Amino acid sequence: MSDHKPVPYLGTPQATIAVLEKYKFVFQKRFGQNFLIDPRVLDRIIAAAEIGADDFVLEIGPGIGTMTQYLAASAREVTAVEIDQTLIPILKDTLKDFPNVEIINRDILKVDIGALAREKNQGRPIKVVANLPYYITTPIIMGLLESHVPFESITVMVQKEVADRMKTGPGSKDYGALSLAVQYYVKPEIVANVPPNCFMPRPNVGSAVIRLTRHTEPPVKVRDEKLMFRLIRASFNQRRKTLVNGLKNSGDLSFTKEQIEAAITAIGRPLTVRGEALTLEEFAALANEFTAKME
Ligand code: SAM
């Protein structure tokens with residue numbers, strides 16, 4: 001491949017409008033389409049993702065290829081997964097000078113990302129970068145975290161409120177399964193706050209770029225990770241209930257009331273505690289109490 005990689009040219013309002021008009025593109029609200037039109041934000045995302053010349057990058061939802069151009073100019077290879085088939089001819093055009101990009105026309109939630117990493121990066125950890133469609137941010141992030149896809153970092157644009165939710169702890173109404181999964185698997189850092197005027201069309205809310213970096217060692221030791229997340233889900237499904245009732249009424253768990261009460265007491269909490277008060281360390285300790293009983 002030539003050392004002289006093409007220079008990204010999309011990412012301004014003018015260039016975006018020109019592409020949209022050329023193809024008479026109609027925005028699909030149901031696909032969460034808000035295209036980036038600010039080169040400073042794009043530079044910031046690329047810098048935060050620390051893309052190197054040997055990196056394989058997965059981009060989720062390339063849109064008209066704006067960020068894809070930036071990624072392709074920095075990475076060894078980029079695979080971009082886009083659900084909207086009307087964008088595929090546009091991407092073929094805007095990315096024609098970037099031979100290291102492959103476009104896949106699929107729903108990202110149906111893609112086996114582990115298999116993609118094996119095929120494209122010999123199973124070595126990949127980098128995921130995206131301006132995520134807001135309607136499926138949580139399933140995408142939870143899927144990447146819980147399916148043990150080999151990744152080094154995930155650098156994504158999300159709604160500001162979702163970025164805050166990923167970083168928060170007990171005591172906040174935003175604390176939940178997403179916060180705990182993020183904090184168990186990765187270190188979250190907000191890299192930039194991005195106002196609505198950096199997108200076309202403008203979203204109704206503020207956005208933020210968040211970088212999630214894989215922990216080398218999880219921050220807590222838990223014998224059965226899956227059980228811990230089942231306990232977490234059961235606790236937050238019934239937020240207003242006590243932890244005892246949340247776990248007892250969950251269709252997914254089959255512990256008796258006595259077992260649940262014994263485990264809560266063993267981690268040093270009163271039986272009136274609510275699940276939303278527990279820290280990650282306490283959920284891990286609770287899961288370990290139950291696995292100790294099963295051994
Ligand atoms: N990356 C572009 C940019 O920054 O200008 C577009 C970002 S836009 C917020 C989200 C993109 O994700 C859209 O192109 C949308 O069509 C695509 N998308 C939505 N749902 C998807 C899904 N389930 N799988 C793959 N792509 C999806």
Side-chain angles (χ1 to χ4, degrees), residues 8-20 23 25-46 48-49 51 57-75 78-95 98 101-113 116 127-144 147 149 154-163 191-192 194-210:
Y9 63 85
L10 281 169
T12 61
Q14 299 79 354
T16 301
I17 290 167
V19 170
L20 299 179
Y23 286 91
F25 178 74
V26 181
F27 284 100
Q28 299 271 355
K29 218 175 162 146
R30 72 193 159 111
F31 289 146
Q33 295 176 335
N34 300 96
F35 298 162
L36 268 166
I37 51 165
D38 189 326
R40 287 165 308 176
V41 176
L42 287 150
D43 284 335
R44 197 74 191 273
I45 295 171
I46 302 298
I51 310 289
V57 178
L58 167 66
E59 185 190 6
I60 299 165
I64 60 169
T66 308
M67 194 153 76
T68 327
Q69 290 190 341
Y70 282 73
L71 293 168
S74 305
V78 180
T79 292
V81 179
E82 174 56 61
I83 197 169
D84 183 352
Q85 65 175 36
T86 67
L87 286 166
I88 305 305
I90 304 182
L91 288 163
K92 288 209 170 112
D93 180 5
T94 58
L95 298 170
F98 297 83
V101 177
E102 185 187 355
I103 303 293
I104 301 179
N105 182 201
R106 283 195 71 186
D107 176 348
I108 189 64
L109 296 177
K110 299 194 175 132
V111 172
D112 181 344
I113 301 172
L116 190 72
K127 289 184 174 162
V128 180
V129 184
N131 171 14
L132 285 178
Y134 291 165
Y135 74 106
I136 45 167
T137 304
T138 302
I140 291 175
I141 301 283
M142 291 296 261
L144 285 165
S147 62
V149 168
I154 302 174
T155 307
V156 281
M157 178 85 71
V158 297
Q159 288 182 357
K160 174 81 176 79
E161 176 253 317
V162 178
V191 177
V194 183
N197 63 3
C198 295
F199 302 87
M200 186 183 290
R202 291 179 186 206
N204 295 328
V205 291
S207 305
V209 178
I210 190 157

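Computed from a prediction, not measured in an experiment: that's the story for all the values here. All values below come from the heavy atoms of this structure, side chains included, with hydrogens, waters and symmetry mates left out. Counting convention: from 1, in listed order, for ligands and their atoms alike.
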Considering all heavy atoms, the nearest [X]-[Y] contact:
X: I51; Y: V57; value: CD1-CG2, 3.7 Å
X: R44; Y: V191; value: NH2-O, 2.9 Å
X: G63; Y: L87; value: O-CD2, 3.5 Å

Under 4.0 Å from a heavy atom of [X]: which atoms of ligand 1 are those, numbered in the order shown and with their elements?
X: N34; value: 7 (C), 8 (S), 9 (C)
X: R106; value: 24 (N), 25 (C)
X: V81; value: 25 (C), 26 (N)
X: Q33; value: 13 (C), 15 (C), 16 (O)

In the protein, what heavy atom is nearest to [atom], and what distance, to one decimal place, separates them?
atom: atom 23 (N) of ligand 1; result: D107 OD1, 2.9 Å
atom: atom 24 (N) of ligand 1; result: I108 N, 2.9 Å
atom: atom 20 (N) of ligand 1; result: Y135 OH, 2.8 Å
atom: atom 5 (O) of ligand 1; result: L36 N, 2.9 Å
atom: atom 16 (O) of ligand 1; result: E82 OE2, 2.6 Å
atom: atom 19 (C) of ligand 1; result: F31 O, 3.1 Å

Are there over 12 heavy-atom neighbours, none belonging to D107, within less than 6.0 Å of that residue's CG? yes

So how far is it from [X] [atom1] to [Y] [atom2], rounded to the nearest 0.5 Å?
X: I136; Y: I83; atom1: CD1; atom2: CD1; answer: 6.5 Å
X: I37; Y: F199; atom1: CD1; atom2: CZ; answer: 9.0 Å
X: I104; Y: L91; atom1: CD1; atom2: CG; answer: 12.5 Å
X: Q159; Y: T137; atom1: CD; atom2: OG1; answer: 6.5 Å

Between T86 and Y23: side-chain donor-acceptor atoms closer than 3.5 Å: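 No donor-acceptor contact under 3.5 Å links the two side chains.
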
Is E59 reaching over with its side chain to a backbone N or O of V129, donor-acceptor style, under 3.5 angstrom?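 Between the backbone of V129 and the side chain of E59 there is no qualifying donor-acceptor contact (under 3.5 Å).
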
Given 3.5 Å as the limit, does a donor-acceptor pair link the side chain of Q69 with the main chain of Y9, or not? yes

Just heavy atoms, cut-off under 4.0 Å: does [X] contact ligand 1 by side chain, backbone, both, or neither?
X: I136; result: side chain
X: P62; result: backbone
X: E59; result: side chain

For atom 7 (C) of ligand 1, which of I83, T16, N131 has the closest heavy atom?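 Answer by nearest heavy atom: N131.
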
Regarding atom 6 (C) of ligand 1: of the candidates G32, P139, G61, which has the closest heavy atom?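 Comparing heavy atoms across G32, P139, G61, the nearest one to atom 6 (C) of ligand 1 lies in G61.
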
Is M157 in contact with ligand 1, taking contact as a heavy-atom separation below 4.0 Å? no

Between ligand 1 and L87, can you find any atom pair, the residue atom being a heavy atom, that is separated by under 4.0 Å?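 Flag set, L87 near ligand 1.
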
